[in-house]
Amino acid sequence: MMSLPLVDLALVLLVALIFILGSGIWIAVAIGIVGYIAMILSTSVPVGSVLATTVWSASASWTLAALPLFIWMGEILFRTRLSEEMFRGLSPWLQWLPGRLVHVNVIGCGIFAAVSGSSAATCATIGKISLPELEKRGYDPGLSLGSLAGSGTLGLLIPPSIPMVVYAVTANVSVLQVFLAGFLPGLLVMVLYSGYIMGWSLLNPSKVPPRDPPLPFREKLRQSTRLIPCLVLILAVFFALVLGFATATECAAWGVSGSLILAWWSGTLTRKTFFESVMSATRLTCMIMFILAGAAFATAAMAYTGIPAALAEWVKGQNLTPSMLALYLSVMYIILGCLIDGISMIVLTAVVVLPMVQQAGLDLIWFGIYLVIHVEMAQITPPVGFNLFVLQNMSGKDTMTVAKAAFPFFILLLVSVFIITEFPQIALFLPRLAFPTG
């Protein structure tokens, strides 16, 4: 065992992480290697025993059982005609708003986000119908693409959310409370998006096509009836969470059952789509679990180095206000979002950031929402923003064109971070309502 000063050790580990990630090695393996180096340089404790214990304890979690179920639920619904039904069901009611049918992207993604934990699935599901329809009607391509890129990220913020499950396990907090904390910030982001679309449309009236011929009220209701099963599923899961009738894992099981019924009802549940949904959910679950296992080992290794505790003490000594710490962390997460994916952002930084956050007196449930919004930003920032790749393939535009269209919505996500930082009760109201501390 070598013994290095903490600053030198931290620099060695940071350089090692950057080098290993740059070599193209899987992120899970890279994190594990850095954990191994940390243990070799800081302690004589047997690495094998720590590796076995931490990987097993991180994987054998009842909370994590919700992860594959929520992923599978989204994969099932991704293969249904839900996007077509949403467009037809929502469009008659949105014609009077400035921006008209562009709001379908925001509201449709918000609805699908409530039954899918994936940003890419949300973006692709709504986009496969809305983009061709908006283009055919003459809507501005930049606004259509940007609103869809931004709204697709709602799949991460409105529960069920895959990054929320990962964060809850990593931070050792209630996944149910993190879920509840995401609803009101999700609505806030939707209001900001729709507000921007209305403002842009009022400033550019020549770029907004005329409204479709008005429909009788009865016809509007008839076209919206296909949304009822999906809305019933959303409300059932929501009230089960809020009223404490079921845990997050149990709600995930209900959601899978409901999505299978919806797929059967829409006529899209075939042997092929069922098998495809299972295999896709299995691949994504294995990837996330592998990353979590590597992160668990790295977290244990970092505890032996003493770096997280030293950083927490440093933050305490700086007398930073919670708002200032949140500002510094925002800069860090925005930069990281340009380089790595959201799940990796969470697990890579948790071991160092969480002690600092606790030392500053920030609520860990609130911080989960703060962090997930930054993961949303990462979905629409080049060069690795996944929603940009999805829309590039769907629209035929290059990535930078899509990124330019999405930039105003990136700014709106920054605004939402500022709002929930100044008014944390937006995120904490529902968790405190469902789980009163006093």
Side-chain angles (χ1 to χ4, degrees), residues 31 54-74 113-114 116-119 154-186 237-238 240-242 244 246-255 284-285 287-296 298-300 329 333 341-358 362-376 378 420 424 427-435 437:
I31 297 171
T54 54
V55 168
W56 171 254
S57 61
S59 306
S61 167
W62 172 245
T63 303
L64 276 177
L67 188 64
L69 293 172
F70 280 131
I71 294 173
W72 189 24
M73 180 170 69
S116 168
S118 167
S119 171
L154 291 168
L156 306 180
L157 185 57
I158 298 178
S161 162
I162 296 168
M164 284 183 181
V165 176
V166 172
Y167 172 79
V169 172
T170 304
N172 195 27
V173 295
S174 166
V175 66
L176 189 54
Q177 292 192 47
V178 179
F179 274 4
L180 291 175
F183 280 107
L184 294 184
V237 173
F238 174 75
L241 286 171
V242 172
T247 65
T249 306
E250 291 165 345
C251 283
W254 290 3
L284 183 54
T285 301
M287 181 196 74
I288 295 174
M289 293 294 290
F290 195 22
I291 292 174
L292 283 174
T299 299
L329 291 178
Y333 280 122
D341 66 279
I343 300 294
S344 301
M345 274 174 57
I346 294 172
V347 298
L348 273 175
T349 60
V351 62
V352 172
V353 169
L354 290 180
M356 296 165 59
V357 168
Q358 289 179 295
L362 293 169
D363 189 286
L364 287 183
I365 300 297
W366 171 87
F367 186 73
I369 304 306
Y370 165 92
L371 182 50
V372 167
I373 295 178
H374 285 87
V375 173
E376 287 188 284
I420 69 162
L428 296 175
F429 175 74
L430 285 179
R432 299 275 170 82
L433 181 66
F435 298 93
T437 55

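All of these numbers come straight from a predicted model, not from anything done at the bench.
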**Message:** If you compare all heavy atoms of L154 against all heavy atoms of G186, which two are closest, and at what distance to 0.1 Å?
**Reply:** CD2-O, 3.9 Å
**Fill in**
Note: L180 and A434 closest approach over all heavy atoms is CD1-CB, 3.6 Å
**Asked** Does I162 reach the side chain of L284, with side-chain heavy atoms less than 4.5 Å apart?
**Response** yes
**Message:** Quick check for you: to the nearest 0.5 Å, what is the distance between L364 atom CG and L371 atom CG?
**Reply:** 11.0 Å
**Asked** Shortest non-hydrogen contact from I346 to V166?
**Response** CG2-CG1, 4.3 Å
**Message:** Checking I373 against I420 for the side-chain contact (heavy atoms from CB on, under 4.5 Å) test, could you report, in this order, the C-alpha distance in whole Å, the side-chain angles of both residues, the deciding distance, and whether it holds?
**Reply:** CA-CA 10 Å; I373 295 178; I420 69 162; 3.8 Å; yes
**Asked** Can you name the closest pair of heavy atoms from E376 and L157 and give their distance?
**Response** OE1-CD2, 3.4 Å
**Request:** Apply side-chain contact (heavy atoms from CB on, under 4.5 Å) to the pair L67 and V169, showing each step before the final yes or no.
**Result:** CA-CA 11 Å; L67 188 64; V169 172; over 6 Å; no
**Fill in**
By side chain to side chain contact (heavy atoms under 4.5 Å, CB included), L176 pairs with (sequence neighbours left out) S174, L241, F435
**Asked** Do D363 and P424 come close enough that some side-chain heavy atom pair is under 4.5 Å?
**Response** no
**Asked** Which heavy atom of F179 sits nearest a heavy atom of P160, and at what distance?
**Response** CZ-CA, 4.0 Å
**Asked** Under 30°, 30 to 60°, or over 60°: which ring-plane class applies to Y333 and H374, parallel, tilted or perpendicular?
**Response** tilted
**Request:** For I31 and G294, work out which heavy atoms get closest and say how close.
**Result:** CG2-O, 3.4 Å
**Item:** Gap between atom OG1 of T285 and atom CG of L69 - 0.5 Å precision
**Value:** 8.5 Å
**Prompt:** If we only count heavy atoms from C-beta on, is the L329 to F367 side-chain gap below 4.5 Å?
**Reply:** yes
**Asked** Are any non-hydrogen side-chain atoms of Y167 and L354 less than 4.5 angstrom apart?
**Response** yes
**Asked** So, do M164 and I369 sit near enough that their side-chain heavy atoms are less than 4.5 Å apart?
**Response** yes
